[in-house]
Amino acid sequence: MTEEEKLKLYSEADELLDIYKEFSPVSENGTYVMEAVKPCFIEMINYIIKNKTESAALCDWLDESDFWTAPASAKYHGDFKGGLAVHSLMVIRQALIFTKPLIENFLECPKKDRFIITAFDIFVSALCHDFCKTGFYTTEFRNTKDINGNWVKQPFFKTRNDNRNLGHGNESVLKMLEIFPSLIKNRTVLEAVSRHMGFSDLTQTEQINYSNFLENPLVVLLQLADQTAAQWYNA
């Protein structure tokens, strides 16, 4: 990564963070301002995605899928309506915040010349990493008692029984490539999305060479952003 490429990365990452701060979708007390989530995404997309065909395809897909309303999980982080969008936005935020310290450290290591990371790479990998969760959950109801002891119908999220999923990371890669065909040879991004769950989403065969993927700084950055968004912000 040249000095010019690095400075461009940092400048664009700062611009994306400024957009996030402008909309402030997460308040200081940790509550989510849901009406600010989608406008924040759209502003970021318009800024960082230069391919207008792919930008339009992304916006269409986000609206046609249940991305804006789906939960991020059934019972863990982001287990609420709109949780997937909130989680994805928080992963983008965390990745952008960690970009400078992580890249500066990576550029000191012997493998620094093997990878070039752009702000677009960071944004799109963070945005798409959980696309596999669209169409993944359904809402059902169970009988529970309210504070007055009366039985009421309580909604809850449940994994759909008819899912056909090729694996958490790889399913997201497939959905991402349908929207961004230009990424078909961008292994830096493909690896980051495919391996963002670490060891928890790998077959025994895949685990053998897993450590090789950690040479890719975007893999490490996305894992760090994903875990901190979920565990520090419950998003």
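- Judged purely by atom type and a 3.5 angstrom limit, N216 uses its side chain to pair as donor or acceptor with the backbone of T188.
- In terms of hydrophobic clustering, with Ile, Leu, Val, Met, Phe, Trp and Tyr side chains grouped at heavy-atom distances under 4.5 Å, F115 and L190 are assigned to a common cluster.
- For residues 45-58, no pair satisfies salt bridge (charged side-chain N to carboxylate O under 4.0 Å, His left out), with sequence neighbours left out.
- There is a path of hydrophobic side-chain contacts, each under 4.5 Å, that joins L214 to F98.
- Atoms NZ and OG, on K133 and S65 in that order, are 14.0 Å from each other to the nearest 0.5 Å.
- Contacts of L9 classified as side chain to side chain contact (heavy atoms under 4.5 Å, CB included), with partners at least two apart in sequence or in another chain: M1, T99, I103, A119, I122.
- A distance of 7.5 Å separates CD1 of I19 from CZ of F23, quoted to the nearest 0.5 Å.
- Counting heavy atoms from C-beta outward, I92 and L16 have side chains that stay 4.5 Å or more apart.
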Chi angles and distances behind the side chain to side chain contact (heavy atoms under 4.5 Å, CB included) call for V124, L183: CA-CA 10 Å; V124 77; L183 293 175; 4.2 Å; yes
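- For the atom pair CD of E64 and OG1 of T134, the computed distance is 12.0 Å after rounding to the nearest 0.5 Å.
- The ring pair (Phe, Tyr, Trp, His ring centres under 6.0 Å) search around W61 returns F131, not counting sequence neighbours.
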Candidate pair L84 and W68, rule side chain to side chain contact (heavy atoms under 4.5 Å, CB included), full reasoning: CA-CA 7 Å; L84 178 57; W68 302 118; over 6 Å; no
Stepwise side chain to side chain contact (heavy atoms under 4.5 Å, CB included) test for F180 and L58: CA-CA 8 Å; F180 296 99; L58 172 61; 3.9 Å; yes
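- Residues V193 and L218 share a single hydrophobic cluster, defined by chaining ILVMFWY side chains whose heavy atoms lie under 4.5 Å apart.
- Here the CG atom belonging to L107 is positioned 7.5 Å from the SG atom belonging to C109, to the nearest 0.5 angstrom.
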Side-chain atoms of residues 38-48: list all donor-acceptor pairs with protein atoms under 3.5 Å, sequence neighbours left out, distances to 0.1 Å.
| residue | atom | partner | partner atom | Å |
| --- | --- | --- | --- | --- |
| K38 | NZ | D63 | OD1 | 3.0 |
| N46 | ND2 | I42 | O | 3.3 |

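- Between the side chains of S11 and D14, no donor-acceptor pair is found at a separation under 3.5 Å.
- No chain of hydrophobic side-chain contacts below 4.5 Å, direct or via other Ile, Leu, Val, Met, Phe, Trp or Tyr residues, connects L221 to V91.
- The minimum heavy-atom distance linking L224 with T228 is given by the pair O-OG1, 2.8 Å.
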Side chain to side chain contact (heavy atoms under 4.5 Å, CB included) evaluation trace for V37 with V33: CA-CA 7 Å; V37 172; V33 185; over 6 Å; no
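- Closest approach of S24 and K21 over heavy atoms only: OG-O, 2.7 Å.
- In terms of heavy atoms, G135 sits closest to D66 at N-OD1, 2.9 Å.
- Between R93 and V26, every side-chain heavy-atom pair lies at or beyond the 4.5 Å cut-off.
- Residues passing the side chain to side chain contact (heavy atoms under 4.5 Å, CB included) test with E104, sequence neighbours excluded: K6, Y10.
- Here CD of Q223 is found 8.5 Å from CG of D226. Values are rounded to the nearest 0.5 Å.
- For the pair A57 and I179, the tightest heavy-atom approach, listed with the atom from each and the gap, is C-CG2, 4.0 Å.
- Residue I97 is not grouped with residue L7 when hydrophobic side chains (ILVMFWY) are merged at heavy-atom distances under 4.5 angstrom, including chains of intermediate members.
- How far CD of E191 is from CZ of F213: 5.0 Å, rounded to the nearest 0.5 Å.
- Of all heavy-atom pairs between C132 and E171, the closest is CB-CB, 3.7 Å.
- With respect to the salt-bridge test (charged N to carboxylate O, under 4.0 angstrom), the residues E108 and K112 do not qualify.
- For residues 214-235, no pair satisfies ring pair (Phe, Tyr, Trp, His ring centres under 6.0 Å), with sequence neighbours left out.
- Two residues are said to be in side-chain contact when any heavy atoms from C-beta on lie closer than 4.5 Å; V86 and M34 meet this criterion.
- Across every non-hydrogen atom of S55 and I49, the tightest pair is CB-CG2, 3.8 Å.
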